[in-house]
Amino acid sequence: MVTPEVLVILDGASEPRAGPRRTSLEQACTPALDALARGGVLSRVRTVPAGLPAGSEVAIPVLLGWPPPVAMDRARIEAAAYGVDVPAGARAWRVDVLAADGRREAAPGVRRAALALRAGAPGHAVRPLAGHRLLLVGPAPLPGAAQATGLRVWPDGGAVPRTLDASTVVVAARGACAGVATLLGGRVVVPDGATGDPGTDLGAKARAAVDALAAGSRRLVVHLGGADEAAHARAAAAKVGFLERADRELLAPLALAVERAAGTLRVCPDHGCDPASGAHDAHPVPCLDWTAAGAGAGGSDPRRLTERAVAGLPVTDLTSRAPVAA
């Protein structure tokens, strides 16, 4: 009998510790996660390879088993996530629309940027994605007029190998994890109501994950992006609130399903994101591994999945494995 392996990626949930300030993981009331921590094993893991920027385009492939030699191309990721075809001889660009203070622009600013790009990049299709993101598809190079002030154009990335297959089921909204998993060869399930934002339908994700386990999935990944999006918006209370919702609406029912399937469960952020600045960070993150065989263990052990709880542990480097040749 093959033991099902489940990974829950809490995107951007971790934070750098600063003195006595409590991080979002410390502030959140997470009884389901706490119970798993009492019966599981905590570790401190590195998810961002040295020299690469902290972000989902780097850390998610690491958690999926492929440490990339360079940051993956966000445009290719978005195109894969949304099923956008990039014709031969063309390429895609992911464009982030940012305000003067670096914050993500709201819908009116994004619409203005889309109009400006259509005028500055004739012959290119401009597709709105979620939130502040746009996708351009057309001939290269991108005209200089399209690279206007306030737009961040992501650079091209390297080749991506097919390291997964349909036996890996990824439950996610359309976005980074869905695109990375598609490019790596996994099977992606996007439940109705899954947005990747703090208001996403976590119940729909939980049901999709439980159904995948019931159908015999042996490797299951569930991506939750709400904590990262709240931190980017510098909404500290919203980040804590999302972690509490994730605990109640997804982790609690999923842990029961993993226990019934006699499986293993890993809960891990892909990287940190500080709601004080809205910026990612590459510090090692706390990680929890739990097995159904250990269910009920731990008793009154006070361990929790927090940065402080793992601060004294050695760092396990998930990025040190040699990348698979494309």
Side-chain angles (χ1 to χ4, degrees), residues 8-18 21-30 47-48 53-60 74 77-78 81-82 94-114 128-135 149-154 172-179 190 193-202 204-205 222-250 268-283 285 306-307:
V8 176
I9 301 176
L10 293 177
D11 200 309
S14 184
E15 294 165 16
R17 290 175 54 220
R21 180 177 71 86
R22 294 197 304 158
T23 66
S24 297
L25 284 170
E26 290 179 305
Q27 294 178 56
C29 178
T30 53
T47 59
V48 178
S56 296
E57 68 280 357
V58 168
I60 287 178
R74 284 307 293 251
I77 290 172
E78 300 289 3
Y82 283 84
R94 151 97 178 252
V95 178
D96 292 359
V97 186
L98 306 176
D101 63 358
R103 294 177 189 256
R104 299 174 172 194
E105 271 284 13
V110 175
R111 286 194 292 270
R112 288 193 297 270
L129 303 175
H132 68 296
R133 307 172 183 94
L134 299 169
L135 185 70
T149 302
L151 304 179
R152 175 187 178 187
V153 180
W154 287 73
R174 298 196 188 279
C177 191
V190 180
T195 65
D197 293 325
T200 188
D201 189 339
L202 291 172
K205 283 190 175 181
V222 184
H223 176 265
L224 306 179
D228 188 62
E229 292 298 324
H232 282 309
R234 305 181 197 180
K239 182 174 182 179
V240 172
F242 178 81
L243 292 172
E244 293 179 342
R245 280 190 59 221
D247 184 79
R248 181 174 63 252
E249 299 175 29
L250 186 133
C268 188
D270 59 343
H271 54 72
C273 193
D274 190 347
S277 65
H280 287 163
D281 73 81
H283 293 92
V285 298
T306 67
E307 301 84 355

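Every side-chain contact (heavy atoms from CB on, under 4.5 Å) that A130 has, sequence neighbours left out, goes to Y82, R133. Remark: T200 pairs with no residue by the side chain to side chain donor-acceptor pair (under 3.5 Å) rule, at least two apart or across chains. For E249, the salt bridge (charged side-chain N to carboxylate O under 4.0 Å, His left out) partners at least two apart in sequence or on another chain are R245. Contacts of A172 classified as side-chain contact (heavy atoms from CB on, under 4.5 Å), with partners at least two apart in sequence or in another chain: V170, C177, A178, H223. Shown here are the salt bridge (charged side-chain N to carboxylate O under 4.0 Å, His left out) partners of R248, two or more places apart in sequence or in another chain: there are none. Among residues two or more places apart in sequence or in another chain, the salt bridge (charged side-chain N to carboxylate O under 4.0 Å, His left out) test is passed with E307 by none. Scored by the side-chain contact (heavy atoms from CB on, under 4.5 Å) test, A28 finds T30, V240, L243, E244 as partners (sequence neighbours excluded). Every residue was checked against the side chain to side chain donor-acceptor pair (under 3.5 Å) condition with R234, not counting sequence neighbours, and none meets it. For R174, the salt bridge (charged side-chain N to carboxylate O under 4.0 Å, His left out) test picks out no residue, with sequence neighbours left out. Qualifying side-chain contact (heavy atoms from CB on, under 4.5 Å) partners for R112, counting only residues two or more places apart in sequence or in other chains: P108. Every residue meeting the side chain to side chain donor-acceptor pair (under 3.5 Å) condition with H232, not counting sequence neighbours, appears here in chain and number order: R104, D228, H280. With sequence neighbours excluded, no residue satisfies side chain to side chain donor-acceptor pair (under 3.5 Å) with D201.
Shortest non-hydrogen contact noted between A13 and A227 is CA-CB, 4.2 Å. The nearest pair of heavy atoms linking A236 to P275 is CA-CB, 3.8 Å. Counting all heavy atoms, side chain and backbone alike, G55 lies closest to H271 at C-CD2, 3.6 Å. When all heavy atoms are compared, the tightest approach of A282 to A54 is N-CB, 3.7 Å. Pairing each heavy atom of V110 with each of H132, the nearest pair is CG2-CA, 3.7 Å.
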For K239 and E15: C-alpha separation, side-chain torsions, deciding distance, then whether salt bridge (charged side-chain N to carboxylate O under 4.0 Å, His left out) applies. CA-CA 11 Å; K239 182 174 182 179; E15 294 165 16; 2.9 Å; yes
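Counting heavy atoms from C-beta on, the side chains of L134 and V97 come closer than 4.5 Å. Proximity of D281 to C273: side-chain heavy atoms (C-beta onward) are nowhere separated by under 4.5 Å. By the 4.5 Å heavy-atom criterion applied to side chains, L224 and L202 are counted as neighbours. Between D11 and I60 there is a side-chain heavy-atom pair separated by less than 4.5 Å. Contact annotation: the side chain of E105 never approaches that of L98 to less than 4.5 Å [non-hydrogen atoms, C-beta and beyond]. Looking at heavy atoms from C-beta onward, V285 lies in side-chain contact with C268 at the 4.5 angstrom threshold.
No side-chain donor-acceptor contact under 3.5 Å links D270 and T47.
For the atom pair CD of E26 and OG1 of T306, the computed distance is 5.0 Å after rounding to the nearest 0.5 Å. To the nearest 0.5 Å, the span separating OG on S56 from CD1 on I77 amounts to 8.5 Å.
A donor-acceptor pair under 3.5 Å is absent between the side-chain atoms of D197 and the main chain of G199, judged by distance alone.
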